[in-house]
Amino acid sequence: MTSTTPIVEGTYVYDIVQSKRGRSLNRLCLSLKESANRDQFVDDENAYCDRFGLDDDLKIAVLERDWVQMLDLGGSIFYIIKLAAIDKKSMQDLGGIFTGMTTEDFIAELRAGGRSFD
């Protein structure tokens, strides 16, 4: 079976394969939109991960806040940001992490028009 997913170096392309792979992580992160769930997560992150059936790799990525690994394992940034909010991290913080920049450098690059892929 050939893939129709484009390969864009330096980016994450979220496709059906990634969606299936990260389903449990994305469900966990989406659940964090509810205050009671955030409280339960903060009280016992390990048990909360188990509740959503995260495999060992996903669980380690969540517990260690390995944001890049979460993307590699099928996490969608639109869900992962809900987890990041618990740690008071912004989309710009994550953008810096994903690009190997500081948050400040990432923001400056955005203000200058963004990265060039030439």
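We count residues from 1, following the sequence as given.
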Closest heavy-atom contact between K89 and I81?
O-CD1, 4.2 Å
Using the side chain to side chain contact (heavy atoms under 4.5 Å, CB included) definition, which of the options L71, D55, L58 pairs with L25?
L58
Roughly how far, to the nearest 0.5 Å, is CH2 of W67 from CG of D72?
14.0 Å
Does D93 reach the main-chain N or O of S90 with its side chain, forming a donor-acceptor pair under 3.5 Å?
yes
Can any side-chain N or O of N26 pair as donor or acceptor with the backbone N or O of G74 at less than 3.5 Å?
yes
C29 versus L83, closest heavy-atom pair with distance:
SG-CB, 4.0 Å
Shortest non-hydrogen separation from R27 to F52 and the atoms involved
O-CE2, 3.7 Å
Nearest 0.5 Å, what's the NZ-OG distance between K82 and S76?
9.0 Å
State whether the number of non-hydrogen atoms from other residues, nucleotides or ligands found under 6.0 Å of R51 atom CZ is greater than 12.
yes
One should read off an interatomic distance between Q92 CD and E109 CD, to the nearest 0.5 angstrom, of 13.5 Å
Check the surroundings of atom OH in Y79: do more than 12 heavy atoms from other residues, nucleotides or ligands lie under 6.0 Å from it?
no
Give a yes or no on this: more than 12 heavy atoms of other residues, nucleotides or ligands lie within 6.0 Å of atom CG of D56.
no
Rounded to the nearest 0.5 Å, the CD atom of E45 sits from the CD atom of E64 at a distance of 11.5 Å
Atom pair OH (Y48) and CG (L32), whose distance is rounded to the nearest 0.5 Å
5.0 Å
Give the minimum heavy-atom separation between A61 and Q69, together with the two atoms involved.
CB-CG, 3.8 Å
For the residue pair L110 and F106, establish whether any side-chain heavy-atom pair is separated by less than 4.5 Å.
yes
Treat each ILVMFWY residue as a node, draw an edge where side-chain heavy atoms are under 4.5 Å apart, and state whether L30 and F78 are in one component.
no
Taking the side chain as C-beta and beyond, is there a heavy-atom pair between V42 and I86 under 4.5 Å?
yes
Over all atoms of both residues, closest heavy-atom pair of C49 and L63:
SG-CD2, 4.2 Å
Please determine which of L94, I97, L73 meets the side chain to side chain contact (heavy atoms under 4.5 Å, CB included) test together with V68.
I97
Can you tell me how far apart CE (M70) and CD1 (I77) are? Round to the nearest 0.5 Å.
9.5 Å
